[in-house]
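The analysis underlying the following values was restricted to heavy atoms, covering all of them including side chains, and did not include hydrogens, waters or symmetry mates.
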Amino acid sequence: MKARAFFFLVVLVAALAASGAMAAPTVPQLSSADRSARLKALPEDDRKWLEDYVAPIILPEEENLFLQLTEPHQRELFKEEFWKRREQPGLARPLGPGYRNRYEQLREAASGVYGGLATDPGRIVVRLGEPDAVNEYPQCTNTFREIAVWSY
């Protein structure tokens with residue numbers, strides 16, 4: 001019951017902070033040992049959601065809070081709020097209404113076109129969307145890598 005009350009207090013305080021009514025809540029920061037232990041204790045679906053699916057876009061504070069939730073319904077509510085925060089109107093692209101679906105498309109593009117989520121281009125595509133233009137400079141032979149400038 002304590003964990004449930006803590007979670008709903010955090011959600012309430014976060015809502016008030018978002019509305020400008022008060023400062024953002026402070027959630028205790030987990031140590032690396034606690035973080036590892038809580039990750040291992042998560043159900044497999046929640047662990048995959050956190051470590052694989054949203055890993056490129058989840059904020060450290062969000063991950064810290066998610067790992068401190070103890071009940072399945074708390075984690076489900078967190079996930080819904082996670083997407084709602086990113087689907088608000090007026091946010092810079094690729095965020096905004098429909099972002100949850102766009103995120104899946106961006107993950108597919110990162111995997112299929114940009115070398116996967118483990119590469120720099122793949123991570124950038126997932127975070128910022130596909131570039132409007134890519135200018136490559138193959139004639140720059142004195143660099144240790146090929147140069148490509150992405151424009152958004």
Side-chain angles (χ1 to χ4, degrees), residues 3-4 7-8 10-20 24-27 29-30 32 34-141 143-152:
R4 179 183 228 179
F7 175 73
F8 287 110
V10 169
V11 170
L12 174 63
V13 173
L16 289 172
S19 70
T26 52
V27 178
Q29 183 65 40
L30 294 173
S32 60
D34 285 341
R35 181 187 178 282
S36 295
R38 289 177 186 251
L39 269 172
K40 288 179 186 174
L42 282 176
E44 185 178 348
D45 287 348
D46 288 333
R47 189 172 42 253
K48 283 183 178 180
W49 183 82
L50 184 63
E51 289 189 307
D52 179 40
Y53 192 68
V54 298
I57 61 169
I58 194 166
L59 299 174
E61 301 83 21
E62 291 174 317
E63 180 182 293
N64 181 60
L65 175 59
F66 186 79
L67 288 171
Q68 293 185 50
L69 303 176
T70 57
E71 301 295 325
H73 69 276
Q74 294 172 334
R75 289 188 293 272
E76 289 306 312
L77 182 58
F78 176 94
K79 291 175 187 179
E80 289 304 314
E81 290 299 318
F82 175 86
W83 293 115
K84 283 181 187 176
R85 282 190 301 277
R86 286 159 174 81
E87 290 193 326
Q88 295 175 12
L91 295 175
R93 80 169 209 172
L95 301 173
Y99 176 67
R100 192 173 189 171
N101 292 330
R102 256 190 321 285
Y103 179 68
E104 183 61 39
Q105 294 167 351
L106 292 171
R107 285 180 56 88
E108 289 173 13
S111 295
V113 179
Y114 297 97
L117 292 169
T119 67
D120 289 338
R123 283 190 295 270
I124 290 171
V125 164
V126 167
R127 289 185 185 138
L128 301 177
E130 292 191 78
D132 293 329
V134 177
N135 296 319
E136 296 183 2
Y137 300 92
Q139 68 275 17
C140 292
T141 57
T143 62
F144 67 96
R145 295 187 117 178
E146 293 179 12
I147 296 177
V149 178
W150 290 20
S151 300
Y152 284 88

Of all residues at least two apart in sequence or in a different chain, which pass the side chain to side chain contact (heavy atoms under 4.5 Å, CB included) check with R86?
I57, L59, E62, F82, L95, Y99
Output all residues satisfying side chain to side chain contact (heavy atoms under 4.5 Å, CB included) with E76, sequence neighbours left out; order by chain, then residue number.
D46, K79
What residues form a side chain to side chain contact (heavy atoms under 4.5 Å, CB included) with E44, not counting sequence neighbours?
R47, K48
Looking at E81 and L77, would you say the former's side chain and the latter's main chain have a donor-acceptor pair under 3.5 Å?
no
In Å, rounded to the nearest 0.5 Å, how long is the span from OH of Y103 to CG of L106?
8.5 Å
Check side-chain hydrogen bond (donor to acceptor under 3.5 Å, both in side chains) between E104 and all other residues, then give those that pass, not counting sequence neighbours.
Y53
Determine whether the side chains of Q105 and N101 contain a donor N or O and an acceptor N or O closer than 3.5 Å.
no
If the condition is side-chain hydrogen bond (donor to acceptor under 3.5 Å, both in side chains), which residues does D120 pass it with, not counting sequence neighbours?
R123
Minimum heavy-atom separation for G129 and P94, please, with both atom names.
N-CG, 3.9 Å
With sequence neighbours left out, what residues match D45 under side chain to side chain contact (heavy atoms under 4.5 Å, CB included)?
none
Might you point out which heavy atoms bring G122 and A110 nearest each other, and give the distance in Å?
O-CB, 3.5 Å
Residues in side-chain hydrogen bond (donor to acceptor under 3.5 Å, both in side chains) with E63, at least two apart?
R35
Compare all side-chain heavy atoms of L67 with those of D34 and state whether any distance is below 4.5 angstrom.
no
G98 versus E87, closest heavy-atom pair with distance
C-OE2, 3.5 Å
Once ring-ring contact (aromatic ring centres under 6.0 Å, His included) is applied, what residue pairs with a partner in residues 109-141 remain, sequence neighbours excluded?
Y114-W150
Applying side-chain hydrogen bond (donor to acceptor under 3.5 Å, both in side chains), name anything that partners N135, two or more places apart in sequence or on another chain.
none
Using modelled atom types only, decide if a donor and an acceptor are shared between the side chain of R102 and the backbone of P97 within a distance under 3.5 Å.
yes
Heavy-atom pair of closest approach, residues G96 and L91
N-CB, 4.1 Å
Are E61 and V27 packed together at the side-chain level, in the sense that at least one heavy-atom pair is separated by less than 4.5 angstrom?
no
Please round to the nearest 0.5 Å and tell me the distance separating atom OG1 of T119 and atom CG of L117.
7.5 Å
Quick one: salt bridge (Lys or Arg N to Asp or Glu O under 4.0 Å) pairs with a partner in residues 129-139, sequence neighbours left out?
R93-D132
Test salt bridge (charged side-chain N to carboxylate O under 4.0 Å, His left out) applied to R38 - qualifying residues, sequence neighbours left out
none
Are any non-hydrogen side-chain atoms of L42 and R75 less than 4.5 angstrom apart?
yes
